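As the structure lists them, so they are numbered: ligands from 1, and atoms in each ligand from 1. Basis for what follows: all heavy atoms, side chains included, without hydrogens, waters or symmetry-related copies. Predicted model, so just to flag it, every value in this text is computed and none were measured.
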Amino acid sequence: MHDPTRTGNEFFVCDFCRRHWATDRPMVEGHQGSLICGPCLTTAYATVVNPAQGDAGARCTMCLEARPDNHWASPAHPDARICARCIRQAAGTLSKDTESGWWRPA
Ligand SMILES: [Zn+2]
Ligand SMILES: [Zn+2]
């Protein structure tokens with residue numbers, strides 16, 4: 001999400017942990033300014049994509065679709081959820097970006 005009351009790095013806020021952008025916290029943008037940061041993506045990837053689990057059928061914060069895929073919902077902000085497709089997509093984006101310092105969890 002974007003915080004219109006802030007500028008610079010603090011304008012960009014992860015929907016899942018509500019922390020702002022930083023050089024050690026790369027972010028991937030979804031629809032309507034939704035954002036997920038590297039640490040949240042790591043948790044999401046490890047929780048949902050590796051073992052198939054999570055809540056099915058809820059609306060994804062990133063693609064705004066209610067897909068039958070598994071989701072990861074943020075423990076701190078359970079209204080923020082990301083579907084397995086967006087997790088894979090964001091993981092692809094961040095792991096291609098060598099400056100992000102992000103790696104897929106084993
Ligand atoms: Zn985050
Ligand atoms: Zn999605």
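- Across L94 and S100, no two heavy atoms sit closer than the pair O-OG, 2.8 Å.
- The side-chain hydrogen bond (donor to acceptor under 3.5 Å, both in side chains) check on T42 picks up W102, with sequence neighbours excluded.
- When each of R19, H20, H2, M1 is paired with F12, the side-chain contact (heavy atoms from CB on, under 4.5 Å) condition holds for H2 and for no other.
- Seen from the Zn ion (ligand 2), atom SG on C63 and atom SG on C83 lie at an angle near 120° (rounded to 10 degrees).
- Between the SG atom of C14 and the SG atom of C17, the angle centred on the Zn ion (ligand 1) amounts to 110° when rounded to 10°.
- Remark: the backbone N or O of T61 is paired with a side-chain donor or acceptor of S34 at under 3.5 angstrom.
- Not a single N, O or S atom of H71, from either the backbone or the side chain, sits less than 2.8 Å from the Zn ion (ligand 2).
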